[in-house]
Structure formats: C-alpha cells, structure tokens
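Just so we're on the same page: letters track the sequence lines, and every chain starts at 1.
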Number of protein chains: 2
Amino acid sequence: MSDIKEVAKRANVSPSTVSRVIGGKIPVAVETKNRVLAAIAELNYRPNIIAQGLKGISTKTIGLVIPNVRSLVFPAAIRGIEDIAKKNGYVVVLCNTDEDFEQEKFYIETLRSRLVDGFIFSTARAGAQNIMELETEGFPAVLLLRQLEDCVNAVVLDNFNSAYQAVKYLISRGLRSIGLINGPLELTLYEERFAGYKKAMAEAGLALPEQAIVHGIEGGEDAYLATKDILKTGVKVDAFFATNDPKALGAMRAVKDYGLDVPNDISIMGFDNLDFAPLLDPPLTTVAQPFYEMGAKACQRLISIIEEKKNEKPQIDILAAKVIVRGSVI
Amino acid sequence: MSDIKEVAKRANVSPSTVSRVIGGKIPVAVETKNRVLAAIAELNYRPNIIAQGLKGISTKTIGLVIPNVRSLVFPAAIRGIEDIAKKNGYVVVLCNTDEDFEQEKFYIETLRSRLVDGFIFSTARAGAQNIMELETEGFPAVLLLRQLEDCVNAVVLDNFNSAYQAVKYLISRGLRSIGLINGPLELTLYEERFAGYKKAMAEAGLALPEQAIVHGIEGGEDAYLATKDILKTGVKVDAFFATNDPKALGAMRAVKDYGLDVPNDISIMGFDNLDFAPLLDPPLTTVAQPFYEMGAKACQRLISIIEEKKNEKPQIDILAAKVIVRGSVI
DNA sequence: CTGAAAGCGCTTACAG
DNA sequence: CTGAAAGCGCTTACAG
C-alpha cells in the first residue's frame with residue numbers, strides 16, 4: 001500500500017497538498033488537483049483510515065449493539081443499517097450482548113475510544129446505565145426498536161397503534177375472547193402492545209379474559225407452555241394475540257397439540273412478520289414491522305449526528321406497522 | 001479519556017515505561033509496574049487502539065464477509081465467531097456482499113488498509129479473484145462454509161458424507177425413488193452433496209430418478225416451483241432430499257398443495273437444521289450443521305494466524321454433520 | 001530496568 | 001494556492 005508521501009512525490013507536490021485534495025474542503029488549484037488525482041489513481045492509493053482516525057477524524061465505523069444476531073428480528077434491520085452505512089463509506093461492527101449490561105459496557109468501552117464514531121443500540125431496557133452515560137456525554141448514539149425515555153435519538157415502531165390495529169382486526173372477524181401472550185413488561189414495547197390490546201378490547205366493550213393473559217414470555221417454547229396452561233384452565237378463547245411471531249408459533253403448536261384447529265377453533269395473530277411467517281401451516285396472520293426501513297433510518301440518523309455535529313434536538317421516529325392477513329385467523 | 005502521558009505522570013515514569021507494562025513483553029521492575037498499574041486503574045485508562053494500530057500493531061478487529069445476514073445459515077455461525085473474537089479481545093466488522101464480487105472488493109480494499117487484521121469469508125465461489133489475491137499476498141484469511149481449492153485455510157462441513165448419510169437414512173426407511181432438490185453446482189458444497197446422494201443411491205442399487213432431480217435451485221420459492229413441476233410430470237417419488245432447509249420447506253408446501261401428505265405420501269429430508277426446522281408441520285427431519293462450532297473454529301484459526309504469524313501450512317478443517325430425525329420422513 | 005527520541009500516516013494551523 | 005512543521009497517541013530501537 002502506497003502512502004501519502006509517494007503520491008506527493010509522484011504528483012510533485014507536498015503531502016499537505018495531497019491531503020487537501022483528499023479532504024476536498026480546502027481549495028487546491030485545479031491543475032495541481034488533477035495531477036494529484038492522477039497520481040492517486042496510478043498508485044491505487046487509499047488513505048489509511050487509522051492514521052486519519054488518530055488525527056481526530058472519524059474512523060468511519062459505527063458500532064451496532066444488539067442482544068443476539070440469532071434473534072430473527074435483527075438480521076433485516078442489520079441489512080438496512082449496513083446498506084446505508086456502506087453508501088456513506090461507513091462500516092459496522094457487530095456486538096452481541098445477550099442482554100448483559102457487562103458485555104454492553106465492555107463493547108462501549110473498547111469501541112468508543114476511537115474505533116467507532118457512534119453507536120446504534122437495540123439493547124435498551126430499564127436500567128441501561130451504560131447507554132445513558134454515553135448519551136449525557138454527547139457521544140453519538142441512536143436507539144433502534146427499543147426505547148429509553150424521550151431523551152435520546154431513537155427510531156422505533158408505533159407499538160401501541162400496531163397492537164391496537166391487530167386486535168381490532170381480530171375483533172372485526174367476530175372473535176370476542178382474545179387471549180394475550182405477551183413479553184416482559186420491562187420492555188417498553190411490550191407495555192405499549194399490551195396497552196394497544198386493552199384499548200381495542202375496551203372500545204369493543206369486551207372484557208379482558210384475565211386467565212388467558214400472560215406476560216413475561218420470552219420465546220416460542222415459553223409461549224408453548226404458557227398457552228397449554230391456559231388451555232388446560234378451560235377458559236374459552238377464540239383467539240390468541242401473540243406479541244411476536246416466535247410466541248405465535250409456540251401458541252399455534254400448543255393449540256394443535258390440544259387437538260384444536262387453527263384457525264377454525266382458535267385464531268392466532270402474530271407480530272413481526274418474520275421470514276418464516278408465510279411458510280407456517282397455516283401461514284401466519286401477523287403485524288409487519290418495517291425492520292429494514294427502521295435500520296436504515298437509524299443509521300441515517302446516526303450518520304447525520306456524527307457528521308453535522310450540530311447537536312440537533314434528540315428526536316424519536318415512530319414508524320407504522322401493518323397487519324398482514326394470511327391464514328391463521330378465521 | 002486519559003492518555004499515556006497522564007498515566008506516566010501519575011506513576012512518575014516515562015510513557016515508554018507505561019507502554020511496556022501494557023505490552024507485557026518487555027521486563028519492568030515489579031515495583032514500577034505496580035505503580036503504573038495503579039495509575040492505569042485510577043485513571044481508568046485504556047490504550048487507544050487506533051494509535052496502536054498506526055504503529056503496525058493490530059487493531060484487534062476482523063472482517064467477516066458473508067453474502068447476506070438475512071440468510072438463516074449465518075447468524076449461528078456469526079455468534080460462534082463473535083464469541084471467540086470477544087474472548088480474545090477482537091471485534092468483528094460485518095460485511096454483506098450479496099454475492100457480488102464488486103462489493104466484496106470494496107470491503108477488502110477499505111478494510112485491509114489497517115482497519116482489520118484478517119478476514120473470514122463465507123462468499124467463496126468459482127472466480128473469487130479477490131479472495132485469491134489476498135491469500136497470495138499472505139494477508140490473514142480463512143474460509144468458512146464455502147471452500148476454494150485446497151490452498152487456503154478453511155473450515156467447512158463434510159458435505160459429501162453428510163448427504164450420503166442423509167440419503168442412506170431415507171433408504172433405510174424403505175424409500176426407493178428419492179428425488180433431489182439441489183442448489184447451484186458452482187458451489188462446491190452442492191456438488192459434494194450431489195455426489196453423496198449418488199453414492200448412497202448407487203450403493204443401494206437404486207437408479208437415479210432423473211426427472212426428479214434438479215440443480216440450481218436458490219430458495220424456498222424456487223424449490224416450491226421446481227417440486228410442483230416434478231410432481232406434474234407424474235414420476236413416482238417416495239421422498240425428496242432437499243439440500244437445504246428452505247428448499248425443503250418449499251418442497252413440503254408443493255407436496256401439500258398437490259394434495260399429498262408429508263410424510264405418508266412423500267417424505268422430505270432437509271439439510272442445515274435451521275431454527276425453524278423443529279417448528280414446521282410436520283417437524284423437519286434434516287441434517288444438522290454445527291454452525292456455531294464452525295464459526296468459532298474459523299475465528300480461532302484466524303486469530304492464531306494473525307497472532308503467531310508463523311505461516312502455518314494452510315489447513316482445511318472438515319466437520320461432521322448429523323441427521324436429526326423428526327416427523328417429515330416416514 | 002528505564003528514559004529520550006524517532007517515527008507510524010495523516011491533518012492542520014502557520015507562514016508565505 | 002502551497003509548503004514546512006507540529007502533533008494525534010502510541011511503540012520501539014538506541015543509549016545508558
């Protein structure tokens with residue numbers, strides 16, 4: 001790899017001048033500029049990002065902190081992030097924390113000391129000290145999918161309305177006793193989905209089937225067990241609203257295991273529209289989150305923050321979801 | 001963030017000495033060392049990786065180049081990679097290429113100039129010029145899942161034997177006319193799976209049902225269409241061996257659409273054991289690839305190459321898969 | 001065992 | 001518009 005000196009020599013200018021044409025901010029005589037450009041091309045020169053970074057220039061890399069790549073909600077968002085990053089010459093470092101604050105801290109500490117220009121976090125939850133500190137110190141960061149008070153930049157889903165729409169749809173299909181398989185309420189998003197569900201039920205004058213409502217469910221397996229328990233109870237339920245697709249899947253299996261038919265005996269509504277949703281049997285009716293767009297938007301925002309440096313007011317983007325009708329609701 | 005000078009001042013030594021205790025290679029008087037360590041702790045000092053990188057030291061980051069995070073085979077491998085990376089103080093940059101050589105080139109060029117100490121590639125295929133160049137230049141790189149001649153470091157699956165075992169299992173279940181839904185033969189791994197299939201058939205004295213064998217199938221949708229075409233043909237098939245789970249899923253849907261039952265009319269055998277496999281209806285019998293282990297192993301290898309710098313002989317690790325019996329085979 | 005100096009590849013005031 | 005010099009935060013011969 002050739003360095004800036006070689007380019008300078010070949011173009012017969014000083015390294016300073018080469019640096020100026022690369023930077024593009026400081027005027028350079030057009031004739032000199034062309035000579036430099038030619039030299040750069042001939043030597044296939046690329047500035048050493050590390051050296052630039054040392055000078056306080058950005059390293060053009062952003063840190064993406066998520067709980068786990070294996071969780072199906074992230075890959076699509078990651079694509080959105082990476083596509084935008086690449087378009088702007090950035091590169092992304094992937095960090096899995098397994099919901100562990102210590103690991104999160106580890107990543108923040110090792111990366112912020114210059115390896116990274118900013119962060120995107122999908123790990124926000126009550127008690128996220130590390131993220132808050134970063135934010136108060138003014139280090140560029142945006143939250144994705146998971147929110148944390150209104151004081152930082154974020155792009156999230158309109159969880160309340162999405163859930164509300166989903167349940168309204170269920171009700172419009174004549175379903176009355178609608179159970180809820182929900183995630184941990186310590187995540188704002190599950191609280192909001194719960195609220196949306198309650199609103200739709202209340203509006204329709206429907207009582208909440210308390211015995212068929214559970215929170216704190218983590219994955220498909222958990223949902224499977226919880227749904228079975230509910231069924232054993234003997235409560236009459238017409239439908240289950242599962243607040244994410246893996247939970248819907250678990251619920252569906254439980255219903256089938258119980259000898260009941262989906263959707264003829266019990267309807268199932270999911271949330272997320274993961275890739276596997278259309279492939280299930282029956283194909284899952286669910287709420288589609290615009291993962292790719294959200295990732296792209298978060299990345300775009302981060303990059304503006306990094307590059308403009310104007311401390312623009314923190315802002316929360318709230319995107320809308322959409323119910324996707326397939327075969328799991330009657 | 002404090003720098004090395006502050007630490008030096010506080011410990012009453014020169015920056016060189018601080019650097020030495022950090023490096024740990026060069027002897028430092030135990031008493032001085034303790035003073036330095038104390039200062040580091042008090043100031044919560046962390047060496048600036050970028051500055052270290054400038055000096056030719058590694059940046060402790062590795063580039064992971066894959067076709068697409070959204071493809072279900074990668075997330076598990078990524079976790080393996082990242083876990084090992086983290087354990088060794090490395091961080092990973094994620095690069096999606098969409099199977100496009102230009103994008104691959106872009107990433108290699110922007111990252112190798114110091115941002116990255118080495119690469120893991122899962123994008124190898126015929127004509128992978130960029131990877132070959134890197135390899136001949138001696139830049140640390142290891143291939144994962146997809147292979148490229150025997151001349152570079154790689155960790156891959158024993159595709160031949162895995163397919164062989166899968167088909168043998170099918171045959172052991174009394175199935176005779178076994179169709180094949182295969183991927184593009186330009187990928188070594190599909191060629192090998194095809195070979196394994198043929199060997200098992202030949203050993204059992206079974207003729208290949210030519211009309212029920214297709215190659216070049218990319219995803220579930222493709223597989224769905226291809227399987228339908230085969231069925232329309234009227235050939236009698238007892239089972240389909242799909243060389244990855246998404247293809248199996250497509251085949252399964254086609255069989256069901258055709259009014260046939262899985263597995264009673266036609267059995268389906270997949271390959272990969274993706275997370276959704278056990279959740280299908282019926283749960284998919286398939287071949288489990290040890291994705292996590294392969295990722296971990298590839299990362300471990302890369303790090304040894306980076307750190308030891310002994311040009312150890314390139315080596316190919318070939319891991320075994322295992323057939324997982326579930327409900328889609330009679 | 002330890003310090004002063006040079007240098008990694010760049011950028012950016014400072015002169016001109 | 002352009003060059004020489006200083007400096008970003010480290011490491012590593014070179015002396016001692």
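- Against DNA chain D, the stretch residues 20-37 of chain A makes heavy-atom approaches under 4.0 Å through A:Arg20, A:Pro27, A:Val28, A:Ala29, A:Thr32.
- The distance from atom CD of A:Gln52 to atom C1' of D:dC8 is 13 Å, rounded to the nearest whole Å.
- When heavy atoms are screened at a 4.0 angstrom cut-off, A:Ser16 is found touching base atoms of the nucleic acid.
- For B:Arg46 and D:dG9, the CZ to P distance is 17 Å, given to the nearest whole Å.
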**Item:** Pair pattern of DNA chain D in dot-bracket, where unpaired bases get dots and | marks partners in another strand, Watson-Crick or G-U under 3.5 angstrom
**Value:** |||.||||||||.|||
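- We find that CD1 of B:Ile40 is positioned 10 Å from P of D:dC10, with the value rounded to whole Å.
- Put simply, CD1 on A:Ile4 is 13 Å from P on C:dC8, counting in whole angstrom units.
- Atom SG in B:Cys95 sits 11.0 Å away from atom CG in A:Leu94 (nearest 0.5 Å).
- In this structure, of C:dC10, D:dG3, D:dT11, it is D:dT11 that holds the atom nearest to the side chain of B:Ser19.
- Closest to the side chain of B:Asn48, from the set C:dC8, C:dT11, D:dC10, is D:dC10.
- Listed by first then second residue, pairs satisfying salt bridge (Lys or Arg N to Asp or Glu O under 4.0 Å) with a partner in residues 82-93 of chain B read B:Arg79-B:Asp83, not counting sequence neighbours.
- Note on residues 62-73 of chain B: pairs passing salt bridge (Lys or Arg N to Asp or Glu O under 4.0 Å), not counting sequence neighbours, are A:Asp275-B:Arg70.
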Sequence neighbours left out, cut at 3.5 Å: what donor-acceptor pairs do the side chains of residues 23-34 of chain B make with other protein atoms?
unit_1: B:Glu31; atom_1: OE1; unit_2: B:Arg35; atom_2: NH1; d: 3.0
unit_1: B:Thr32; atom_1: OG1; unit_2: B:Ala29; atom_2: O; d: 3.2

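- The shortest distance between the side-chain N/O atoms of B:Thr17 and the OP1/OP2 oxygens of C:dG3 is below 4.0 Å.
- Counting to the nearest Å, the C1' atom of C:dG7 and the CG atom of A:Asp3 are 12 Å from each other.
- The side-chain hydrogen bond (donor to acceptor under 3.5 Å, both in side chains) search around A:Glu42 returns A:Arg10, not counting sequence neighbours.
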**Message:** Is there a side chain to side chain contact (heavy atoms under 4.5 Å, CB included) between A:Phe74 and A:Asn68? Walk through the geometry before answering.
**Reply:** CA-CA 8 Å; A:Phe74 298 111; A:Asn68 190 345; 5.5 Å; no
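- Taking atom NZ of A:Lys5 as the reference point, atom P of D:dG3 lies 16 Å away to the nearest angstrom.
- Between B:Ile108 and B:Phe121 there is a side-chain heavy-atom pair separated by less than 4.5 Å.
- A donor-acceptor contact under 3.5 angstrom links the side chains of B:Glu104 and B:Thr123, judged on distance only.
- Separating the CD1 atom in A:Ile305 from the CD atom in A:Gln300 is a distance of 11.0 Å, to the nearest 0.5 Å.
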